[in-house]
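Just so we're on the same page: letters track the sequence lines, and every chain starts at 1. Because the structure is predicted, anything quoted here is derived from the model rather than measured. These numbers come from the heavy atoms of this one structure, side chains and all, not from hydrogens, waters or symmetry mates.
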Amino acid sequence: MTEYLHFVREYLPYLLGGVPLTLAIWVIALSVGFAIGLGLAWSRVYGGRAAYSIATIYVEIFRGTPVVVQMLFIYLGLPSVGIVFSPFTAAVIAIALNTAAYQAEYFRGSIQSVSPGQMSAAKAQGMTGAQAFRYIVLPQALRRVLPQWSNEAIIELKFTSVAYTIGVIEVTARAYKVGYHTYQFFHIFLLASLIYIVMTTIVSELLWYLEKKVSVPGLGVDVGRPEG
Amino acid sequence: MLSPITASNIWFLIKGLGVALEILAALLTIGFLVGGALAMVQVYAPRKWYIQGPIRVFDRIVRGIPILLLLFTFYFGLSDVLNISPMLASIVALGIRSSAYQAQIFRSALLSVPPGQLSAAKAMGFTRPHAIWTIAIPLAFRYALGPWTNEFSSELKATSLVYVIGVSELTNRASTIISNAGGYILLVFAVTALLYFVVNKTGNSLLYGLEARLRFPGFERAN
Amino acid sequence: MTDVMAATDITKSFGSDQVLRGISMSLKKGETKVLLGPSGSGKSTFLRCINRLTLPDSGRVTLSGVEVTTDNETNMRRRIGFVFQEFNLFMHLTALDNVRVSLVKIKKMPKAEATAKARAVLEKVGLAQKEKSYPAELSGGQQQRVSIARALAMDPELILFDEPTSALDPELTQEVVQVMADLSAEGMTMLVVSHEMGFARAAADELVFMENGVVVETGPPEKLFTAPEAERTRSFLRLLSDGEPAQGPVPTSGARDG
């Protein structure tokens, strides 16, 4: 056991050095994916035939194929048509495009779950479609989607490890390097697993806290009985 | 550059797909059996901390680490002790992972069964296990199908990562073809993606078909 | 004087079902009209055609002489208030915000001014102390009153009420009817679809009885209640009166508290 603790003391800093990269990929990809996903969801709910079809095809492709293939396609494939990305950028793009497809579906569901009466009332007040969506539908849809979105966020955090396959020196890559040099594969991978568990747990708690913070009586949190 | 569009290459890829499907079938089965059992314990067994606690810890751990790391840890961990093939290690590792996800699905499905159903069965004289088997499980199965279809897709895509511990499946073979042919990268990856896509779609269609066949009037999806 | 609202020959079908077969109606400033009729007669559909929440198949609607079309419908709606049967309060906003949001986002009023106006209107419907409550924390009657406040805040030329009390428990309808009666007495132009006979008798200038997509009869309340011309009017009104306890006229009063 003390042997393992020595091992940990020696290599933990190096592993932790990969955390900023992991988080950077994750945050950027998640944000970009959020914007794209929202746009795709809008197209699938309100868009005309062309927008709907394009969005649907996109979602089908990116949800129907593995992340690693998407990443390899972008990093190894695109250079042959002149588009070259660094490993980091390619990883961010791949994960962003991937999460956008999943988020699109979650947003679409939550937008459609907002009662149509809300839209009617907004329009009856004289809001344009855009105003109604932005001030009335979207705030409600986002609150409703949080549980699923949180889930997706954590899934993508774990998928950052796939960036190892195209040479990004994040946590998983570093773990492999240490293993390769020390032959203590099991030890280092155990340590790396622990790091991910801590990361996902912290993120999970933060998102749960966010959920409670934005919840409003009647939306997302159990409300008390209405007064008579 | 040699064109990679040869019959032998295509066959090579398809065999890789076969490997992926083998792993998929095995891991889903493990996940189904173990996950099902875990769900039953979570829903119907006594609420003691020493029973439910370990299950929740298991869930947290297995769902908290990336697939790649799970594969690595498992393979290298077991290799110290047994002489295990990469293929078998993949199946066991992914099977255990899937069981955590399937346990969640089945647990949710079992909890969606209106409690009144089991009360009625009890009132009719069914023993509890018999009632669960005859009434709750068929209903839960129908509720679970939708989410389970997602799990199917998810695990199919997960098999693409097993190459990191040396299994020669579809994605791996695509890379091999590319390095041999020295080019046509986009095409080969596109075809690979297409193969996953087609299998995914087919699996989904079959599962939707099953769902439709099992539907009865008045069936409402949980959620 | 131009009519505040004039509708001419409105028709509407849903699929093969012709719900409105040519309805015409007008309101002068300060008039309160109540639209009555059996379910399915097209009353709500007609109301929704006025502000184009539902698009009529043919016919014409004008607001203060100007036709309401697809091009100007958003602007026109800002001058027409609409109160829904299911309230449709914005769930994620407090009562105050519900009333205030249109002022700030549509009329671009400065926040302080909008807040003052919103509070005044909430006070008017008797819910000033509930301004921080969310719709889910309010009773049905309270929600509907906030909904009326929300419509009032925009200083509409006309308010449309689509069965405002039908979704309410019986003991909660009075608080809403009272607000409506007060509004009517103060001179608001109102078109109300409702079964509330007390309100119709006391506040309506004219009743319009609709059935099967056509106007069967119109006239002042007392006339329709005591000596209607059409037999169908008579039998429908009898049905309504028999089903309810005798409702005396509703006296106008100051604001009630919730």
Side-chain angles (χ1 to χ4, degrees), chain A residues 22 60-81 98 102 105 109 113 148 151 154-165 170-173 175-176 179 183-201 203-204, chain B residues 1 20 57 60-81 104 150 153-165 170-172 174-175 178-179 182-201 203-204 223:
Chain A
T22 296
E60 289 281 300
I61 291 178
F62 278 92
R63 286 189 0 143
T65 55
V67 177
V68 69
V69 174
Q70 294 163 11
M71 217 180 266
L72 290 172
F73 189 92
I74 292 175
Y75 182 64
L76 293 180
L78 288 186
S80 55
V81 291
N98 184 262
Y102 287 93
E105 278 305 88
S113 79
Q148 289 172 300
N151 216 25
I154 295 186
I155 290 175
E156 297 296 342
L157 174 59
K158 292 183 288 171
F159 267 135
T160 58
S161 61
V162 177
Y164 138 81
T165 65
E170 43 68 69
V171 176
T172 308
Y176 194 84
Y183 283 94
Q184 310 263 50
F185 281 112
F186 181 66
H187 291 75
I188 195 66
F189 286 133
L190 201 59
L191 191 55
S193 301
L194 246 106
I195 294 180
Y196 276 103
I197 291 177
V198 169
M199 274 198 292
T200 53
T201 305
V203 169
S204 197
Chain B
M1 269 190 307
V57 171
R60 258 299 170 86
I61 292 180
V62 169
R63 301 205 308 156
I65 64 182
I67 300 175
L68 282 185
L69 263 186
L70 188 64
L71 289 168
F72 280 143
T73 314
F74 225 82
Y75 179 62
F76 289 107
L78 285 186
S79 294
D80 288 346
V81 195
Q104 284 293 74
N150 281 340
S153 297
S154 177
E155 298 298 346
L156 169 62
K157 290 178 282 183
T159 62
S160 65
L161 293 173
V162 301
Y163 77 90
V164 299
I165 57 175
L170 179 51
T171 308
N172 193 15
S175 302
I178 285 172
S179 36
Y184 292 95
I185 303 178
L186 283 177
L187 177 65
V188 174
F189 278 134
V191 169
T192 309
L194 187 65
L195 284 172
Y196 280 108
F197 188 82
V198 167
V199 171
N200 191 31
K201 267 291 172 196
N204 281 357
N223 288 19

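Both the backbone and the side chain of A/Ser161 come within contact range of chain B, judged by heavy atoms closer than 4.5 Å. In this structure, the portions of A/Thr65 lying under 4.5 Å from any heavy atom of chain B include both its backbone and its side chain. In this structure, the portion of B/Tyr163 lying under 4.5 Å from any heavy atom of chain A is its side chain and not its backbone. Using a 4.5 Å cut-off between heavy atoms, A/Ser80 contacts chain B through its side chain alone, with no backbone atom that close. With a 4.5 Å cut-off on non-hydrogen atoms, A/Gln70 does not touch chain B at all. Residue contact with chain A, scored on non-hydrogen atoms closer than 4.5 Å, involves the side chain of B/Val164 exclusively. In this structure, the portion of A/Tyr102 lying under 4.5 Å from any heavy atom of chain B is its side chain and not its backbone. For a residue to count as touching a neighbouring chain, one of its non-hydrogen atoms must lie under 4.5 Å from one of that chain's; by this rule A/Val162 touches chain B with backbone and side chain alike. For B/Ser153, no part lies under 4.5 angstrom from a heavy atom of chain A.
Your options are B/Pro66, B/Gly64, B/Ser79, B/Ala193, and the one with the most heavy-atom pairs under 4.5 Å with chain A is B/Pro66. Here B/Phe189 is the residue among B/Phe74, B/Phe189, B/Tyr75 with the most heavy-atom pairs under 4.5 Å with chain A. Interface remark: of the candidates A/Arg63, A/His187, A/Met199, A/Arg63 forms the most heavy-atom pairs closer than 4.5 Å to chain B. Looking only at heavy-atom pairs under 4.5 Å with chain A, the residue among B/Val198, B/Leu69, B/Asn200 that has the most is B/Leu69. Interface check for chain B: of the options A/Leu72, A/Leu190, A/Ile61, the most heavy-atom pairs under 4.5 Å are formed by A/Leu72.
Minimum interatomic distance between A/Val69 and B/Thr171 (heavy atoms only, all atoms of both residues): CG2-OG1, 3.9 Å. Closest heavy-atom contact between B/Ser160 and B/Tyr196: CB-OH, 3.3 Å. Of all the heavy atoms in A/Ala175 and A/Ile188, the pair that sits closest is O-CG2, 3.3 Å.
The aromatic ring centroids of B/Phe76 and A/Phe186 lie 6.0 Å or more from each other. Here A/Tyr176 and A/Tyr164 bring their ring centres to under 6.0 angstrom of each other.
A donor-acceptor distance shorter than 3.5 angstrom exists from the side chain of A/Glu170 to the backbone of A/Ala173, with no hydrogens or angles considered. A donor-acceptor pair under 3.5 Å is absent between the side-chain atoms of A/Lys158 and the main chain of A/Thr200, judged by distance alone. Under a 3.5 Å cut-off, the side chain of B/Ser179 and the backbone N or O of B/Ser175 do form a donor-acceptor pair.
With 3.5 Å as the limit, one finds no donor-acceptor pair spanning the side chains of A/Thr165 and A/Tyr75.
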